[in-house]
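What follows is a set of notes on a single structure, which appears directly below.
Numbering of residues begins at 1 and proceeds along the displayed sequence.
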Amino acid sequence: MPKFARVVFDLGIDRQFDYRIPSSMEALVQPGVRVYVPFHSRRLSAYVVVVSEGEGHPGAKELLSVRDRLPVLSASLLALAEWISSYYFCSLSAAVRAMVPTGVREGHRAKMPLFVHLNRERVPDEKAIEGLCPRAPKQALALKILLASDGPLPMAALLRRAKVDQGSIRSLEKKELVRLLRQRVYRDPWEGEDIEFEEHLAPTPEQAKALAHLKFELGKRRFSVVLLHGITGSGKTEVYLQAIDEALRLGRGAIMLVPEISLTPQTVERFKARFTESVAVLHSHLSDGERLDEWEKLREGKARVVVGARSAIFAPVRNLGLIVADEEHERSYKQGEAPPRYHARDVAVMRGKIENAAVILGSATPSVESYRNAMSGKYALFHLPRRIENRSLPSVMIVDMREEIRQTGRMTYFSRRLLKAMEERLEKREQVILFLNRRGFSPILICGKCGYVQKCPNCSLSLTVHGEGKKLLCHLCGFEEAPATRCPRCRSQGIRFPGIGTQKLELMVKKLFPEYRAGRMDSDSMTAKNAHAETLDAFARGELQILIGTQMIAKGLHFPNVTLVGVICADTALHLPDFRAAESTFQLLTQVAGRAGRGEVPGEVIVQTYAPTHPAILAAGTQDYETFYRQEIPFREELGYPPVKRFVAVTVRGRKEEMVKWVCRHFAGMLRESGGPVMEILGPTPSPIARAMGYYRWQIILKGESVPKMNAILREAMNKLKPGKEIQIVVDADPISML
Ligand code: ADP
Ligand code: ZN
Ligand code: ZN
């Protein structure tokens with residue numbers, strides 16, 4: 001009976017194909033390995049997803065060769081890929097590609113340098129060397145160096161140290177005094193860093209409770225999810241570390257997910273200090289070669305713990321026992337740009353289910369989704385309500401900016417309260433963080449006479465003013481131009497840059513507090529490679545007294561001397577047309593507030609707002625998650641918004657507006673007909689950003705109890721639709737942003 005391999009391709013071809021397995025390769029071909037196959041007149045690399053006996057396409061060609069000794073994807077990861085392709089509505093090929101790092105896909109070579117081994121039987125000591133090469137002092141020196149070293153030396157190092165050429169070493173090899181062997185070495189991004197081993201801390205009673213539960217579940221080797229709700233600095237990471245240790249003790253591996261932005265050297269060092277060489281690290285700043293090596297270490301079982309950002313959820317950890325997603329509410333866990341549009345936290349839960357692993361979701365401000373699962377008993381819930389050593393949480397004061405303007409009779413970005421607090425803190429040589437979640441100089445260019453606003457030619461967004469008014473920039477597509485000096489519409493010279501971004505804020509702070517040094521951190525301030533780290537270092541050393549920034553500074557930073565955090569405008573995200581606007585605002589404010597008072601001196605937070613009675617702002621004021629959740633959930637229930645019901649967003653895109661509109665209407669009609677009791681169809685409407693990068697966008701939201709059921713109907717309708725080449729249809733299950 002002939003055997004067949006069903007494969008998916010590595011590039012752009014979304015269908016699956018069958019190939020006959022030559023009998024000589026039968027032993028090597030298994031699911032998860034890569035093979036070369038003929039495709040038209042080309043030779044392509046593909047992943048084997050299923051091996052079957054006799055049940056292949058009768059016209060199948062033979063595959064050419066096998067690329068891997070070990071599967072690139074385990075059976076569990078292949079099962080996960082199947083789930084992703086079905087749930088997130090993408091091809092299996094796209095799901096598989098997301099799992100394998102570029103360096104592996106492009107076949108970067110593992111580093112296999114030559115090592116020189118000394119034949120100690122022939123060369124037992126220095127005396128022997130004299131007799132072995134009397135007329136070759138250089139060879140003798142090489143032997144002496146080898147004799148003095150503990151083990152084999154890399155060829156390159158030996159050549160350098162003995163100042164000989166390869167020929168000399170080759171003659172030593174001929175005389176059987178040395179042996180040359182190729183040996184795998186791993187590029188180590190942490191090479192040369194001295195990280196001291198650290199013992200576990202004695203857990204607090206709350207930590208101990210969570211750990212006891214986790215150890216019990218790990219011991220049972222079954223799937224379970226724990227939501228660890230702990231304010232910043234309450235010791236969540238310590239719980240992760242000790243739970244991972246337990247998994248290792250049981251002979252299992254672990255994945256530690258953190259948002260890219262908090263994947264700092266400090267974070268990684270904490271893990272390296274506990275688990276030394278069994279930790280691999282995966283993130284976007286590694287070179288392809290480094291990433292390949294970290295990945296290989298995991299696949300071969302040389303490393304058993306991985307610390308990484310979103311895509312580390314696909315790391316080939318062997319015998320996976322535990323997955324942790326820290327800051328599980330973070331939006332950056334959702335891949336929004338390209339398929340698969342997966343949410344790493346949700347994939348973590350699914351991977352845990354497939355591999356019988358325990359899952360910890362940790363956050364100070366859990367997503368409404370996860371908290372609801374904890375409330376319904378699906379997840380176990382543990383609280384860490386106190387900061388370690390009972391350090392107090394900062395006090396939060398909310399300042400009503402409408403009232404401020406009324407009382408002072410002028411428009412301002414700094415309330416008297418904030419100015420006074422800044423003066424006091426700075427005078428005592430304490431440090432201040434000012435937070436404004438809007439980069440640039442000013443959000444718009446407007447004509448003071450006729451109200452004209454300069455928009456992006458490619459997107460339906462106004463252009464942001466940068467560089468003190470020297471540049472206009474589209475934050476969506478990157479379009480750039482110089483601002484007009486006269487209004488293009490009425491020719492008046494009354495061009496203005498109202499409102500405030502971090503650049504204008506920096507300028508104002510420097511004018512208001514000329515005797516103190518201020519630094520700014522946002523994605524514009526980081527053009528130079530290490531500007532980011534340098535600003536933070538300068539702040540840590542106290543050379544900067546004021547740090548200004550966007551959400552980039554809201555997370556993870558630990559500066560004990562920061563006693564005041566000022567939120568310049570808490571409302572920037574509050575009124576976005578997105579049902580998660582309140583949730584995001586609450587989360588962000590709570591995170592920012594957590595930067596204050598991390599040392600001995602208690603902290604103070606001043607939140608300026610035009611919506612002082614908004615529930616999300618009030619809840620952030622008391623930093624009380626439960627209050628926020630109890631207010632938010634009835635609103636979601638009433639409107640049937642996630643997590644009460646689920647959304648699948650369908651966006652129709654194209655360059656011709658009329659066609660986009662027509663296709664979207666037509667498609668919505670089809671879905672309404674077949675949607676029946678499974679789903680409700682919202683729309684079609686133009687997307688909140690109706691035009692982006694030159695494409696018009698209309699959207700339909702499917703709302704129902706079950707994403708797989710909605711997808712099934714959607715898939716059928718899509719097959720019938722045949723929208724033509726000029727139209728793209730993008731499907732996003734559980735969309736994180738409604739824009
Ligand atoms: P989180 O992850 O919740 O922000 P961490 O685990 O980073 O909190 O803990 C905050 C600080 O408290 C760290 O400096 C950590 O070393 C310390 N810490 C955590 N747990 C303990 C403990 N059980 N005993 C003493 N110190 C602890
Ligand atoms: Zn004008
Ligand atoms: Zn644009």
Side-chain angles (χ1 to χ4, degrees), residues 232-233 261-262 264-266 387 391-397 399 401 404 412-441 467-468 500-528 530-570 588-589 591-608:
T232 50
I261 196 165
S262 41
T264 58
Q266 292 95 302
R387 276 189 170 174
R391 278 196 186 132
S392 55
L393 272 179
S395 64
V396 181
M397 138 89 37
V399 176
M401 291 304 277
E404 184 75 16
T412 178
Y413 297 111
F414 290 88
S415 61
R416 291 160 295 174
R417 178 92 203 189
L418 178 59
L419 283 176
K420 183 151 173 287
M422 283 180 74
E423 270 158 26
E424 282 170 13
R425 299 292 181 174
L426 291 169
E427 224 157 75
K428 284 191 247 172
R429 309 308 296 173
E430 293 166 13
Q431 287 173 302
V432 176
I433 286 181
L434 292 181
F435 173 80
L436 176 64
N437 206 15
R438 198 193 280 137
R439 64 192 179 93
F441 183 76
E468 299 180 30
I500 191 169
T502 43
Q503 292 171 7
K504 197 190 271 186
L505 180 61
E506 182 185 13
L507 211 70
M508 293 176 86
V509 166
K510 285 181 169 162
K511 266 193 204 141
L512 283 164
F513 299 95
E515 63 273 44
Y516 300 102
R517 291 196 55 200
R520 172 168 63 88
M521 222 174 91
D522 53 35
S523 51
D524 301 312
S525 74
M526 313 223 306
T527 37
N530 285 323
H532 187 161
E534 275 162 26
T535 306
L536 288 180
D537 281 349
F539 195 59
R541 284 194 303 267
E543 286 157 26
L544 296 175
Q545 288 86 44
I546 306 167
L547 183 64
I548 294 162
T550 54
Q551 80 248 34
M552 202 167 268
I553 60 168
K555 278 158 217 138
L557 301 180
H558 178 74
F559 295 113
N561 197 34
V562 172
T563 52
L564 173 65
V565 168
V567 177
I568 300 300
C569 180
L588 196 54
L589 289 180
Q591 296 277 354
V592 180
R595 299 312 110 213
R598 296 174 76 88
E600 308 285 305
V601 187
E604 178 184 7
V605 181
I606 296 181
V607 175
Q608 304 187 146

Problem - From Met552 atom CE to Met521 atom CE, the distance as rounded to the nearest 0.5 Å - result: 6.0 Å
Problem - Residues in salt bridge (Lys or Arg N to Asp or Glu O under 4.0 Å) contact with Arg425, at least two apart in sequence or another chain - result: Glu430, Glu604
Problem - Any Thr412 side-chain heavy atom under 4.5 Å of Glu404 side chain - result: yes
Using distance only, find each side-chain donor-acceptor pair of residues 505-517 under 3.5 Å and give its atom names and separation, not counting sequence neighbours.
residue, atom, partner, partner atom, Å
Glu506, OE1, Arg520, NE, 2.7
Glu506, OE2, Lys510, NZ, 2.9

Problem - Thr550: partners by side chain to side chain donor-acceptor pair (under 3.5 Å), with sequence neighbours left out - result: none
Practice task
For Glu534, check side chain to side chain donor-acceptor pair (under 3.5 Å) against everything at least two apart and list the hits.
Solution key: none
Handout entry: Close side-chain approach of Ile606 and Leu564, heavy atoms under 4.5 Å
Key = yes
Practice task
Compare every heavy atom of Val399 with every heavy atom of Ser415, then report the nearest pair and how far apart it is.
Solution key: CB-CG1, 3.7 Å
Fill in the blank from the handout: Hits for salt bridge (Lys or Arg N to Asp or Glu O under 4.0 Å) against Glu423, two or more places apart or cross-chain, chain-then-number order -> none
Handout entry: Point-to-point distance, once rounded to the nearest 0.5 Å, from CD of Gln503 to CZ of Arg438
Key = 12.5 Å
Handout entry: Counterpart residues, ring-ring contact (aromatic ring centres under 6.0 Å, His included), relative to Phe539 (two or more places apart)
Key = Phe559
Practice task
Return the set of residues passing salt bridge (Lys or Arg N to Asp or Glu O under 4.0 Å) with Arg417 (not counting sequence neighbours), or none when no residue passes.
Solution key: none
Problem - Residue pair Lys428 / Val601, side-chain heavy-atom distance below 4.5 Å - result: no
Completion exercise
When rounded to the nearest 0.5 Å, the distance separating CD1 of Ile548 from CD1 of Ile568 is 8.0 Å
Handout entry: Which atom of Ala596 lies closest to which atom of Val565, heavy atoms considered
Key = CB-CG2, 3.6 Å
Practice task
For Gln545, enumerate each residue passing the side chain to side chain donor-acceptor pair (under 3.5 Å) test, keeping only those at least two apart in sequence or located in another chain.
Solution key: none
Problem - Gly440 to Asp524 - nearest heavy-atom pair and separation - result: N-OD2, 3.9 Å
Exercise for the section: Taking the side chain as every heavy atom from C-beta outward, state whether Arg387 and Thr232 have any pair of such atoms under 4.5 Å apart. Expected result: yes
Practice task
To the nearest 0.5 Å, tell me how far Leu434 CG sits from Ile553 CD1.
Solution key: 8.0 Å
Problem - Option from Val605, Leu588, Thr502 for which side-chain contact (heavy atoms from CB on, under 4.5 Å) with Phe435 holds - result: Leu588
Practice task
Please confirm whether the backbone N or O of Phe441 pairs with a side-chain atom of Glu468, one donor and one acceptor, at under 3.5 Å?
Solution key: no
Problem - Residues which pass side chain to side chain donor-acceptor pair (under 3.5 Å) with Arg541, listed by chain and number, not counting sequence neighbours - result: Glu543
Handout entry: Minimum side-chain heavy-atom gap Leu436-Tyr413 below 4.5 Å
Key = no
Practice task
Before giving the answer on salt bridge (Lys or Arg N to Asp or Glu O under 4.0 Å), spell out for Lys420 and Glu424 the whole-Å C-alpha distance, their side-chain angles and the decisive distance to 0.1 Å.
Solution key: CA-CA 6 Å; Lys420 183 151 173 287; Glu424 282 170 13; 3.3 Å; yes
